[in-house]
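Everything on this sheet refers to the single structure shown next.
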Amino acid sequence: MKNKTFPANKFGNFEEVLLVHLTKLLASTKKDWRYILPPTLKKDLEKGKNYFLLDTRRPQDFKECHIQGAKNIFWLDILKKENLKKLPRNKRIIICCYVGHTASQILIALALLGYKVSVLKFGMGKSPVVGVPVAGWLNYGFDVVKD
């Protein structure tokens, strides 16, 4: 059965091409699995490490609290051309979401597009599911700002 979602193109079957790129991406993954833990990020920021902090949560949740210096682009809007233009190619992008799941999905898309990306493991630590414990930024008691 032919896949109608990814039709063949001039480069061959799109799924085969995508598989090659995904395989290379996975093979290039280091021992950190492209994650950064909240305490490590905090120390790096205190040392002046120059990351681009990308918060992919809903704008209203971003306004409620976020890491100092973070920029908000909702995850469903990240691949719009005007939003991709906001992302730097010359520095590491740290992607943050609620608990890390959505950011991990965005990581793959941006990495395939050539961006240097990592995910804040456990995100902000605000699970959308009541009663689910996480160890995110807020759970450590780290500072946030409000707009």
Salt bridge (Lys or Arg N to Asp or Glu O under 4.0 Å) partners of Arg58, counting only residues at least two apart: Asp61
Test item: Thr56 side-chain N/O and Ile73 main-chain N/O as donor-acceptor pair under 3.5 Å: no
Over 12 foreign heavy atoms within 6.0 Å of NZ, Lys71: no
Main-chain N/O of Phe62 paired with Asp55 side-chain donor or acceptor, under 3.5 Å: no
Residues which pass salt bridge (Lys or Arg N to Asp or Glu O under 4.0 Å) with Glu82, listed by chain and number, not counting sequence neighbours: none
Results of side-chain contact (heavy atoms from CB on, under 4.5 Å) for Val145 - residues two or more places apart only: His66, Gln68
Heavy-atom side-chain proximity of Met124 to Cys65 below 4.5 angstrom: yes
Over 12 non-hydrogen atoms of neighbours within 6.0 angstrom of NZ in Lys91: yes
Donor-acceptor contact present, side-chain Tyr115 to main-chain Leu84, <3.5 Å: yes
Side chains of Ile95 and Thr102 in contact at under 4.5 Å (non-hydrogen atoms): no
Results of side-chain contact (heavy atoms from CB on, under 4.5 Å) for Pro39 - residues two or more places apart only: Leu37, Tyr140, Phe142
Test side-chain contact (heavy atoms from CB on, under 4.5 Å) applied to Leu76 - qualifying residues, sequence neighbours left out: Phe74
Any Val119 side-chain heavy atom under 4.5 Å of Ile36 side chain: no
Salt bridge (Lys or Arg N to Asp or Glu O under 4.0 Å) partners for Asp44, two or more places apart: none
